[in-house]
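Comments concern the structure below.
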Amino acid sequence: MAKIDGAEVARHNTKKSCWLVLDSRVYDVTSFQSEHPGGTVILLKNAGTVIFSHSLCLTQPPNSKKYHPLTYVKQLPPGSDLGPIDPNTLAKLNKPKETTSSPVNEVDAENKIPHVSLCVSCPDFEKVAKSVLPHKSYIYASTSANYGLSLKGNLEDWGRITFRPRVLRNVGDVDASRKIFGHNSPYPFYISPMGTLGTINSEAELDVVRGAVKKGVHMVVSTASTRPTTQIADCHRAELQRHKGSPTRLFFQYYMPVDRTKAIELMHIVKEAGYKGLWITVDTPVLGKRTADRVLQAEEALAVGMHEEPTSTWETGDDNAFAPAMGGRPSAGQLSPHTTWEDLSWIRKEWDGPIVLKGVQCAEDAKLALEYGVDGILLSNHGGRQLHTAPSSLMTLLEIRTYCPEVIGRLEIFMDGGLRDGADVLKALCLGATAVGVGRPYMYALAAYGGKGVEKVTDILAEELTTGMRLLGITSLDQLKPEMVNASRLLNEMWRPDSFSVRSKL
Ligand SMILES: Cc1cc2nc3c(=O)[nH]c(=O)nc-3n(C[C@H](O)[C@H](O)[C@H](O)COP(=O)(O)O)c2cc1C
């Protein structure tokens, strides 16, 4: 076999064509890059160089460190071994690329923040967002009810359920796709509705749509969005044209206006704009006590020599604290504290698509939702922003499994709150959820990196999810079963009808 010239090897130094010399032979590792346990970058850094060599007796090549035995080469795909290197041409090989700066100093040139690739888990985005957002906007995103226990419970409960993985299953190919009301998505998670994203920048809501469509993730759009409902839908349509085949669909989060004429009018606008479902928020008859907001308001009042005046909570609006200032919808009238189950019958007459109740927090209401004929329930405590010590969505799901399991399978069940890891999504699905919503991680990523941040969060969750599937021993989401999790710690704490010697009315 003809020997390969070092100059030829040196030319193949890109992601599209990556050659290396391992011992005395040349290997094409292009297709192996994504599978390399040490990552792609280390291969690219050494593209066109000699990695290590015993037989060529290179005494001290700069990169002669041996990370693994040469037998690993056998794992390269067939055809990777291109032949022997010409030992007289070694000088023509590239020098390995040296790292120029410490990775922690790698910054997004424009914004002077860590490069987006340095965010590898969802919680990483909060710190960056905090450094770029105006203080008021960060408080708005991060605030929670009272002294924070609802939020804390949301974050912690995911970790209190553990997996019961199966081994020795063929998990080579996995499929993480899931349908929400018949609309396919590559993932069983979606972007939760968040009001007033315009507090980040005027393009923020459109940036989320752009990122979502690029990745095919579904999205629920808030009534309290800064941009008009119709404009967000137009942007979605335009993006679908640009990214043909993207399955992303928009659903609408509905804060029902008190005035019924306005409520119906809004539903018609939403329907005409092409939204695929109405997610009625039912956990906000009044605004919860947003403690950090209160402190900020008091500080602002004191700064202008005033004492903060207590306000009537429901008149201050919910998740649109900035709406008037940002040109969004006026806050008063967005929440209706007077809404009851009976309202569902006239809503149903006006809206013929799927209806989801967002904010169900106990088994009794899950059962009522089924009786009142809605299509889905979203177990949620509003990201810990409403009732103090509200149950996490996992706790509510366990209650439903115990006291009204008939709901599962007859309604689409969604959950949100504190979800920060793709593997945790699997726990929700094991226990009967259709899909899971993710809120703040998307908001923080959006604040830090715009649409690219939205894409990155989706990628992070998707990778954790598919890795989790393989390690759990499954290849598709319909193989998930309750036996694959150990929920005994949460079950021990679950509400029991006899805890106070009362009979269950369930
Ligand atoms: C900044 C912010 C704004 C929100 N705005 C709304 C809203 O307008 N309507 C709504 O139903 N829920 C709203 N939520 C609640 C989310 O839809 C979702 O229930 C919650 O964020 C999920 O928890 P997570 O942020 O821990 O993922 C908001 C949450 C945040 C953090």
Side-chain angles (χ1 to χ4, degrees), residues 122-123 125-126 129-130 133 136-145 148 150-158 189-200 204-205 208 218-227 229 232 251-256 277-285 287-288 290 292-293 316-323 326 328-329 331 334-336 339 356-361 377-387 390-394 396 414-422 424-425 428 435-447 457 461:
C122 284
F125 293 97
E126 179 168 0
K130 194 173 179 182
L133 277 175
K136 189 168 181 161
S137 305
Y138 174 71
I139 292 290
Y140 166 62
S142 61
T143 191
S144 59
S150 295
L151 175 61
K152 188 164 177 272
N154 285 355
L155 292 165
E156 288 178 356
D157 276 359
W158 292 104
F189 56 85
Y190 64 88
I191 303 176
S192 292
M194 284 172 288
T196 328
L197 291 181
T199 185
I200 295 171
E205 269 131 6
V208 188
H218 292 322
M219 183 178 162
V220 183
V221 173
S222 168
T223 303
S225 292
T226 315
R227 295 278 183 155
T229 303
I232 295 172
F251 301 87
F252 190 77
Q253 176 272 321
Y254 186 53
Y255 277 137
M256 190 159 62
L278 197 66
W279 299 48
I280 308 173
T281 297
V282 292
D283 59 10
T284 49
L287 186 73
R290 311 276 166 89
D293 277 341
T316 55
D318 175 44
D319 294 315
N320 61 341
F322 297 78
M326 303 301 298
R329 294 165 49 79
S331 56
Q334 285 203 341
L335 306 170
S336 172
T339 311
V356 175
L357 298 186
K358 177 179 188 289
V360 168
Q361 294 165 81
I377 49 177
L378 166 48
L379 315 182
S380 169
N381 62 23
H382 216 99
R385 293 158 85 83
Q386 284 296 104
L387 180 65
S392 68
S393 55
L394 270 172
T396 306
F414 306 98
M415 300 169 70
D416 74 22
L419 208 290
R420 303 291 179 264
D421 192 297
D424 286 333
V425 179
V436 178
V438 178
R440 290 182 188 86
Y442 276 111
M443 178 152 184
Y444 293 138
L446 182 71
V457 169
L461 291 171

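For ligands, and for the atoms within them, numbers begin at 1 and follow the listed sequence.
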Who pairs with Asp157 by salt bridge (Lys or Arg N to Asp or Glu O under 4.0 Å), at least two apart in sequence or on another chain? Arg160

Heavy-atom contacts with Thr281 under 4.0 Å: which atoms of ligand 1 show up? List them by number with element. 10 (C), 11 (O)

Within the structure, does Gly195 bring an N/O atom to less than 3.5 angstrom of an N/O atom in ligand 1? yes

Check whether NZ of the Lys or CZ of the Arg Arg420 lies under 6.0 Å from the centre of the six-membered ring of Phe189 and within 45 degrees of that ring's axis. no

I need the contact type for Ser222 against ligand 1. Using non-hydrogen atoms and a strict under-4.0 Å cut-off, is it side chain, backbone, both or neither? side chain

Can an N or O of Tyr140 be found at a distance shorter than 3.5 Å from an N or O of ligand 1? no

Parallel, tilted or perpendicular: ring planes of Phe251 versus His218, cut at 30 and 60 degrees: perpendicular

List ligand 1 atoms under 4.0 Å from Ala141, heavy atoms only on the residue side. 1 (C), 31 (C)

In sequence, state the C-alpha distance, the side-chain angles, and the governing distance for Thr199 and Met443, and then conclude on side chain to side chain contact (heavy atoms under 4.5 Å, CB included). CA-CA 10 Å; Thr199 185; Met443 178 152 184; 4.0 Å; yes

Subset of ligand 1 atoms that lie under 4.0 Å from at least one heavy atom of Gly417: 22 (C), 23 (O), 26 (O)

From the options Gly383, Ser192, Pro193, select the one whose nearest heavy atom is closest to atom 14 (N) of ligand 1. Pro193

Under-4.0 Å heavy-atom contact with ligand 1, by part of Gln386 that carries it: neither

Looking at every non-hydrogen atom in both residues, tell me the closest pair between Asp416 and Ser380 and how far apart they are. OD1-OG, 2.7 Å

With heavy atoms and a 4.0 Å threshold, my read on which part of Gln253 contacts ligand 1 is side chain

With distance as the sole criterion, is a donor-acceptor pair present between the side chains of Thr396 and Gln361 under 3.5 Å? no

Nearest non-hydrogen contact with atom 19 (O) of ligand 1 belongs to which option: Asn154, Ile191, Leu419, Asp416? Asp416

With a 4.5 Å heavy-atom cut-off, do Arg440 and Phe125 have their side chains touching? no

What one should report as the nearest heavy-atom pair of Ser392 and Gly153 is CB-O, 4.1 Å

Which of the atoms of ligand 1 are close to Ser380, meaning less than 4.0 Å from one of its heavy atoms? 19 (O)

Polar proximity ligand 1 side, Ala224 side, N/O cut 3.5 Å exclusive: no

Atoms of ligand 1 close to Met443 [distance to a heavy atom under 4.0 angstrom, numbered from 1]: 1 (C)

Heavy-atom donor-acceptor pair, Arg385 side chain to Gly288 backbone, under 3.5 Å: no

